[in-house]
Asks: 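Below you'll find the structure I mean.
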Amino acid sequence: MPEKRDLIFVVDFGGQYTQLIARRIRELKVYCEIVPSTASWAELRKRSPRGLIFSGGPASVYAPGAPRCGSELLQGEIPVLGICYGMQLMAYLLGGKVSRGERREYGPARLTLLREDFLFRGLPREISVWMSHGDLVETPPPGFLIAATTDQTRVAAMFDPSRHLYGVQFHPEVHHTPQGREILAGFLYNVCGCRGDWTPASFITEQVEEIRRIVGKEKVIGALSGGVDSAVAATLAHKAVGDQLTCIFVDHGLLRKEERNEVEKTFRKELGIRTVVVDARKRFLEKLKGVGDPEEKRRVIGHEFIRVFEEEAARLGEAGFLLQGTLYPDVIESGSQTAAVIKTHHNVGGLPADLKLRLLEPLRWLFKDEVRQVGLELGLPEAIIWRQPFPGPGLAVRILGEVTGEKLEVVQEADLIVRDEIRRAGLEREIWQFFAVLLPVRSVGVMGDERTYAHPIVIRAVTSEDAMTADWARLPSGVLARISSRIVNEVPGVNRVLYDITSKPPATIEWE
Ligand code: XMP
């Protein structure tokens with residue numbers, strides 16, 4: 001189906017910055033999707049894209065098995081911008097010459113612009129750009145002009161405006177190329193004629209229509225986790241189909257304090273979404289009895305969650321769709337090989353595999369920051385929009401060893417104090433995650449005149465971009481002091497507070 005809005009395809013040649021290119025284009029208010037390099041022009045053209053961007057990639061165009069695309073993409077029917085490997089491939093497929101550079105060029109370079117044209121319009125004659133390549137284009141293909149050069153790379157940009165083909169050896173998508181945004185904007189607006197009509201509001205209008213069209217008169221069920229993704233997905237679906245949607249929120253007892261009340265208040269009362277809250281606390285605790293191994297805990301919780309969800313879904317009667325808060329990076333990554341399993345990340349609120357429902361995934365084209373923008377536009381409370389990531393198995397992975405009702409209470413109280421003090425210090429947005437962990441060991445302390453023999457609480461606070469790597473947060477000592485003194489005074493059963501000063505790697509963010 002042709003698109004109503006402008007569409008750009010990012011053709012992926014395996015580059016580490018492919019997702020970043022897509023995000024930059026969206027930031028310039030142009031909708032784009034990433035497609036594999038094997039996609040044929042016959043397929044792509046059905047959706048009437050305005051332009052293609054060829055990503056970078058680690059291969060050499062001459063290497064056996066190097067990713068290629070058909071040369072029919074380069075016939076001038078559609079504008080193409082090739083970045084790094086994308087430019088080398090363009091040169092190779094159109095009869096230019098690509099060669100091995102004498103040495104890898106990595107880092108900043110001074111770029112001298114030789115032509116203004118569409119891409120570089122309005123830029124100074126010299127700009128700073130980021131290079132990361134081994135091969136380079138030695139001779140551009142017939143019809144191309146050299147548009148920019150650096151000391152080490154003669155063909156740092158090449159254009160064939162008559163066929164709307166553009167190549168840059170450097171990376172306009174990374175922030176080390178300060179004018180990269182203007183260069184990408186030049187391609188999108190000047191070359192492809194995009195209007196910049198992609199906004200959260202336009203996304204909402206389109207999705208609401210789309211959900212109505214797909215769902216028709218059928219019923220939809222969804223799981224709420226309290227997190228931003230499931231909340232935005234539910235609010236969108238509710239806007240589209242109203243009471244045809246029922247959300248299920250499973251209180252497995254491993255939640256943070258007040259979490260269940262907040263979900264009930266927001267979804268049921270404020271947003272008017274049909275929400276079934278299942279009190280399964282006893283059931284989960286029962287199942288977790290005697291379970292100390294972290295992976296076993298995850299398995300038990302995941303399994304039980306699905307059973308509870310299925311029972312509730314059956315009680316609600318015939319539904320046609322299961323609503324999921326899947327995001328674009330999950331969609332992209334599910335196509336790639338998974339790395340070694342460090343922890344099985346059971347996504348509570350996730351897939352009951354054999355529910356036989358069709359999936360409704362309205363966020364599957366969005367990046368996380370876009371989900372937040374859509375959520376704000378939909379009027380969701382900031383507390384949900386900016387909620388810190390919370391593991392599906394909840395506090396069970398923050399109570400080392402066996403989980404019991406008493407330990408849950410201890411960790412919930414301590415966690416509340418940590419959250420409260422971080423919020424008071426105004427550090428909520430700076431810190432990626434902050435929480436309390438209860439250790440199964442005991443140590444000696446003294447309280448009043450009494451000897452105590454009780455458990456320690458560990459405070460974990462980390463900064464991170466994406467949870468793949470993380471650093472321990474340099475919390476002000478005053479904040480740490482207040483947290484410590486409040487926990488030992490207010491939480492029975494705790495006589496010592498520790499601060500975890502390990503980064504990830506080698507540690508992980510959670511303790512289990
Ligand atoms: P780690 O501990 O692996 O955590 O550094 C990285 C991020 O994932 C979250 N996490 C989980 N999320 N189910 C989830 O849905 C899980 O089993 C799980 N374990 C860890 C963790 O909070 C951090 O944001």
Side-chain angles (χ1 to χ4, degrees), residues 222-233 249-256 259 263 284 287-288 291-306 308-309 324-327 329-330 333-334 338-353 363 367-369 371-372 384-401 403 411-412 414-415 418-419 422 428-439 458-473 500-512:
L224 283 178
S225 68
V228 62
D229 307 341
S230 68
V232 172
F249 179 76
V250 179
D251 179 0
H252 49 30
L254 308 164
L255 302 169
R256 298 183 139 183
E259 201 129 40
V263 166
F284 276 84
K287 291 276 172 197
L288 284 169
V291 181
D293 176 71
E295 285 300 286
E296 182 62 8
K297 277 188 203 172
R298 280 190 168 80
R299 202 192 58 74
V300 167
I301 295 167
H303 186 254
E304 199 56 18
F305 183 89
I306 289 173
V308 174
F309 191 87
Q324 290 266 306
T326 319
L327 302 192
D330 309 329
E333 266 143 35
S334 60
T338 28
V341 176
I342 310 292
K343 298 177 188 180
T344 45
H345 277 203
H346 165 66
N347 196 4
V348 169
L351 269 180
L363 312 181
F367 291 108
K368 190 88 174 183
D369 47 335
V371 171
R372 292 206 167 103
I384 292 188
I385 303 282
W386 296 107
R387 181 183 186 255
Q388 53 173 314
F390 187 65
L395 300 179
V397 291
R398 295 177 183 171
I399 295 170
L400 271 59
V403 178
V411 107
Q412 278 172 333
D415 178 77
V418 176
R419 277 193 285 160
I422 299 264
E428 258 176 327
R429 293 265 180 102
E430 275 166 52
I431 303 175
W432 173 265
Q433 278 176 283
F434 40 94
F435 52 86
V437 179
L438 180 66
L439 301 190
V458 178
I459 308 304
R460 181 75 163 143
V462 296
T463 52
S464 175
E465 292 280 317
D466 53 12
M468 302 292 284
T469 60
D471 195 8
W472 59 278
D500 182 348
I501 53 168
T502 335
S503 61
K504 170 185 178 175
T508 50
I509 296 177
E510 304 289 347
W511 269 55
E512 282 194 337

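Reckoned from all heavy atoms, side chains included, excluding hydrogens, waters and symmetry mates. Both counts, for ligands and for their atoms, begin at 1 and track the order of listing.
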Asks: Heavy atoms only: which of P505, A470, P393, P391 lies closest to atom 12 (N) of ligand 1?
Replies: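 Going through P505, A470, P393, P391 one by one, P391 has the nearest heavy atom to atom 12 (N) of ligand 1.
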Asks: Under the side chain to side chain contact (heavy atoms under 4.5 Å, CB included) criterion, do L395 and F390 qualify, and how do the steps go?
Replies: CA-CA 9 Å; L395 300 179; F390 187 65; 4.1 Å; yes
Asks: Holding to salt bridge (Lys or Arg N to Asp or Glu O under 4.0 Å), I want the full list of residues that pass it with K504, two or more places apart in sequence or in another chain.
Replies: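 K504 satisfies salt bridge (Lys or Arg N to Asp or Glu O under 4.0 Å) with no residue once adjacent residues are dropped.
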Asks: Test your reading of the structure: does F390 have an N or O sitting under 3.5 Å from an N or O of ligand 1?
Replies: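 No: no nitrogen or oxygen of F390 is under 3.5 Å from one in ligand 1.
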Asks: Taking the minimum heavy-atom distance to atom 17 (O) of ligand 1, which of E512, K297, R298 ranks first?
Replies: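 It is R298 that holds the nearest heavy atom.
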Asks: Please collect all salt bridge (Lys or Arg N to Asp or Glu O under 4.0 Å) contacts where either partner lies in residues 386-401, sequence neighbours excluded, each pair once.
Replies: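 Qualifying pairs, neighbours excluded: E259-R387, R398-E510.
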Asks: Do the side chains of E512 and K297 get nearer than 4.5 Å, heavy atoms only?
Replies: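 In short, these two side chains touch, coming nearer than 4.5 Å.
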Asks: Relative to the heavy atoms of K504, which atoms of ligand 1 are at a distance of less than 4.0 Å?
Replies: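 Near K504, the atoms of ligand 1 are 1 (P), 3 (O), 5 (O), 6 (C).
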Asks: Quick one: does I509 get an N or O within less than 3.5 Å of an N or O on ligand 1?
Replies: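 There is such a contact, yes.
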Asks: How about Q388 and I431: do any of their side-chain heavy atoms sit closer than 4.5 Å?
Replies: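 A side-chain contact is absent here, since even the closest heavy-atom pair is not under 4.5 Å.
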Asks: Heavy-atom contacts with T508 under 4.0 Å: which atoms of ligand 1 show up? List them by number with element.
Replies: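 This gives 1 (P), 2 (O), 5 (O) as the contact atoms.
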